[in-house]
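Inspection log for the structure reproduced underneath, given as structure tokens.
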Amino acid sequence: MRVLVVAAPLLGHVFPLMPLALALRDAGHDVVVATGGEALRVRDSGLHVEDVVPANVRFGPIALRIMFTHPLVAKREMRGSGRLDFVSRMFGTVGDAMTEPLQALARRWKPDVVVHEPLAAAGSALGVPSIVHDVSLFDGLELTSAVGARMKAGVRSPATVLRTSPRSVAEFSGGEPLRFVAYSGDGEVPAWLTEPAGKPRILVSRSTAPGPGAGRMMAAVARAAEQVDAEFVLVRPERAEGLPDNVKTVGWVPLPRVLPFCDGIVHHGGAGTLLGALAAGVPQLVEPGPGDRTVHANLVTKRGAGLAAGPKAVTPELLTRLIEDARLQRAAAEVSDEIAAMPAPSDIARQWEEVTPLK
């Protein structure tokens with residue numbers, strides 16, 4: 001079977017699709033990934049990857065245009081209470097730009113089914129049966145519908161949805177459960193980062209997508225770190241000078257290989273990092289913010305598997321609680337076990353004919 005996998009041109013959108021895409025290939029299916037921009041990095045996976053995003057599509061100008069034309073929508077988005085108004089406009093614009101190249105690819109390659117992440121709604125506008133692959137703690141069908149309603153192309157209702165959210169954190173009706181498997185490509189990991197540190201280790205990460213104030217949380221953690229009996233590891237910091245002795249820095253590293261050696265993680269609330277920490281059973285401190293980040297922070301806090309705080313609220317006491325609170329550790333371990341019990345991508349790939357809507 002020919003399977004077209006479609007993602008918006010951002011790493012955080014294509015990475016969560018890769019475990020299933022690779023499992024489908026390993027099960028004997030022909031798989032092509034269609035995306036663009038920085039997400040083309042997944043060519044390193046060995047899968048065939050098509051660039052379907054015009055070079056003039058840039059998120060910064062699109063976001064600025066929305067901010068100028070819909071200032072109240074932008075204001076709510078920055079507060080983390082924008083619902084889907086801003087994101088549907090942004091990814092609707094990107095989807096319109098992707099539609100024609102995707103349709104040309106579909107005519108040429110003739111896929112039997114399309115699998116797409118919710119914000120790449122153009123995947124359901126190709127006249128081919130489609131499946132939504134959830135990649136966050138939002139309802140993928142609702143996201144696809146909201147983005148599709150903003151697009152010029154006729155976006156059809158997907159046949160089904162693969163649900164990666166553990167039910168104890170966020171439960172949605174319908175669809176097929178799919179275990180979230182963290183993926184962040186290849187990369188060199190320093191030997192010391194795959195060994196116990198001798199004291200608790202806290203990883204501090206930030207978004208792969210540019211945005212205002214992206215480094216503030218990391219800076220706040222670095223200021224408080226000296227008074228915490230732990231080792232801190234800053235991933236891709238903006239500044240690496242003048243840090244306390246218990247703070248180390250690294251460049252890009254594949255987080256799934258590092259998280260098992262960490263006792264806590266501080267991050268921006270992105271879906272991939274959040275679900276990766278849940279899968280690894282690592283308590284997390286999540287910074288609320290625009291888009292899905294506030295919702296993610298609230299859901300993880302409600303489940304008891306993490307904490308939520310902005311840069312101004314970061315204190316040595318809060319960071320100590322992250323690694324010493326037994327209730328956080330217990331809840332994180334429970335969610336990890338819950339995710340591990342869900343069907344793996346390889347299981348879904350073996351049952352693909354039953355999952356796909358080709359009748």
Side-chain angles (χ1 to χ4, degrees), residues 7-19 21-22 33 35-47 49 51 53 58-60 117 135-136 180-197 201-222 225 230-244 246-280 282 284-287 289 291-293 296 311:
L10 293 168
L11 286 174
H13 291 237
V14 71
F15 275 171
L17 306 182
M18 295 305 293
L22 291 166
V33 177
T35 186
E38 64 178 11
L40 296 174
R41 250 184 60 182
V42 296
R43 284 172 172 156
D44 294 342
S45 68
L47 290 175
V49 179
D51 186 351
V53 181
R58 294 182 296 155
F59 282 95
E117 51 98 359
V135 296
S136 71
F180 177 85
V181 176
Y183 179 94
S184 56
D186 294 326
E188 188 174 342
V189 179
W192 59 267
L193 200 46
T194 57
E195 300 171 352
R201 174 180 287 149
I202 298 178
L203 197 69
V204 188
S205 180
R206 61 188 180 92
S207 177
T208 55
R216 285 186 300 205
M217 190 65 168
M218 191 171 284
V221 172
E231 176 189 86
F232 291 80
V233 181
L234 311 185
V235 181
R236 298 179 298 110
E238 294 179 341
R239 182 177 65 87
E241 303 83 21
L243 298 172
N246 64 332
V247 178
K248 298 181 179 181
T249 65
V250 292
W252 178 278
V253 291
L255 295 188
R257 289 170 54 191
V258 174
L259 279 170
F261 301 94
C262 297
D263 301 277
I265 180 171
V266 180
H267 64 91
H268 62 292
T273 305
L274 180 139
L275 285 166
L278 289 176
V282 177
Q284 49 193 303
L285 173 57
V286 184
E287 178 188 8
D292 55 7
R293 300 174 187 181
H296 285 162

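Just so you know, these numbers use all the heavy atoms, side chains as well, and skip hydrogens, waters and symmetry mates. Along the sequence shown, residues are numbered consecutively beginning with 1.
- Applying side-chain contact (heavy atoms from CB on, under 4.5 Å) to L203 and the options L234, V250, V266, V258 leaves one that passes, V258.
- Formation of a donor-acceptor pair under 3.5 Å by the R206 side chain with backbone atoms of R236 is found in this model.
- Side-chain N or O atoms of S45 include one that pairs as donor or acceptor with a backbone N or O of V42 at under 3.5 Å.
- Taking CZ of F232 as the start and CG of L243 as the end, the distance is 12.0 Å to the nearest 0.5 Å.
- Interatomic distance, CD of Q284 versus CG of L274, reported as 4.5 Å (0.5 Å rounding).
- The structure places CZ of R41 at 12.5 Å from OG1 of T35, a figure rounded to the nearest 0.5 Å.
- Across V189 and P254, no two heavy atoms sit closer than the pair CG2-CD, 3.6 Å.
- Across all non-hydrogen atoms, the minimal contact from W192 to T249 is CZ2-O, 4.5 Å.
- The nearest pair of heavy atoms linking A220 to P311 is CB-O, 3.5 Å.
- Here the closest non-hydrogen pair linking V282 and L259 is CG2-O, 3.6 Å.
- Looking only at distances, a side-chain donor or acceptor of S184 sits under 3.5 Å from a matching main-chain atom of L255.
- Residues E231 and K248 are in side-chain contact: their nearest non-hydrogen atoms beyond the backbone lie under 4.5 Å apart.
- Within a 6.0 Å radius of CD in E188, no more than 12 heavy atoms belonging to other residues, nucleotides or ligands are found.
- Under the 3.5 Å distance criterion, the side-chain polar atoms of D51 are left unmatched by any main-chain donor or acceptor of G36.
- L17 approaches H13 most closely through the heavy-atom pair CG-O, 3.8 Å.
- A search for side chain to side chain contact (heavy atoms under 4.5 Å, CB included) contacts involving F59 returns P9, L10, M90, F91, V94, not counting sequence neighbours.
- Take D44 and apply the side chain to side chain contact (heavy atoms under 4.5 Å, CB included) test, not counting sequence neighbours, and it matches no residue.
- For R201 (side chain) and F261 (main-chain N/O), a donor-acceptor pair under 3.5 Å exists by modelled atom type.
- Nearest heavy atoms, R293 versus V286: O-CG1, 4.5 Å.
- Taking 4.5 Å as the limit, some side-chain heavy atom of V253 sits within range of a side-chain heavy atom of P190.
- In this structure the side chain of L22 reaches within 4.5 angstrom of the side chain of Y183, judged on heavy atoms.
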